[in-house]
Amino acid sequence: MQVQVDIGFEQLLKIVKTLPSAQLMQLKAEIEKEAKGADAIDLEALLLNGPTATKKQLETIAKNRKAINEWRTI
């Protein structure tokens with residue numbers, strides 16, 4: 001059996017503020033554990049799986065840099 005209750009943020013905050021300190025610490029630990037799990041994305045894997053430039057795009061970038069550098073020295 002499952003019961004679902006819709007509680008507004010203000011009501012939830014009021015309930016949390018009435019918790020005893022031991023339960024409050026337990027709740028805080030659970031929230032931090034969940035937050036760390038969401039932030040545990042491997043940065044290296046993220047970068048390696050990201051978009052890469054093609055040779056044509058790199059050539060275009062190099063030409064643009066050269067043109068900008070020449071324009072700046074004039």
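Just so you know, these numbers come straight off a predicted model, no measurement behind them. Sequential numbering from 1 along the given sequence is applied to the chain's residues.
- Using a 4.5 Å heavy-atom cutoff, the side chains of I68 and R72 are in contact.
- To the nearest 0.5 angstrom, T60 atom OG1 is 12.0 Å from R65 atom CZ.
- With rounding to the nearest 0.5 Å, the separation of CG in D6 from CG in L12 is 12.0 Å.
- Between Q57 and T54, the closest heavy-atom pair is OE1-N, 2.8 Å.
- A salt bridge is absent between E59 and K56; no separation between the charged side-chain nitrogens and carboxylate oxygens falls under 4.0 Å.
- Looking only at distances, a side-chain donor or acceptor of Q11 sits under 3.5 Å from a matching main-chain atom of G8.
- Annotation for L13: hydrophobic cluster partners, listed by chain and number, are F9 (ILVMFWY side-chain heavy atoms under 4.5 Å, direct or chained).
- In this structure, K66 and N69 have side chains that are not in contact, with every pair of non-hydrogen atoms separated by 4.5 Å or more.
- Within 6.0 Å of CD in Q23 there are more than 12 heavy atoms belonging to other residues, nucleotides or ligands.
- With hydrophobic clusters built from ILVMFWY side chains whose heavy atoms lie under 4.5 angstrom apart, I31 shares a cluster with L24.
- If you take NZ on K14 and CD1 on I7, they are separated by 12.5 Å, rounding to the nearest 0.5 Å.
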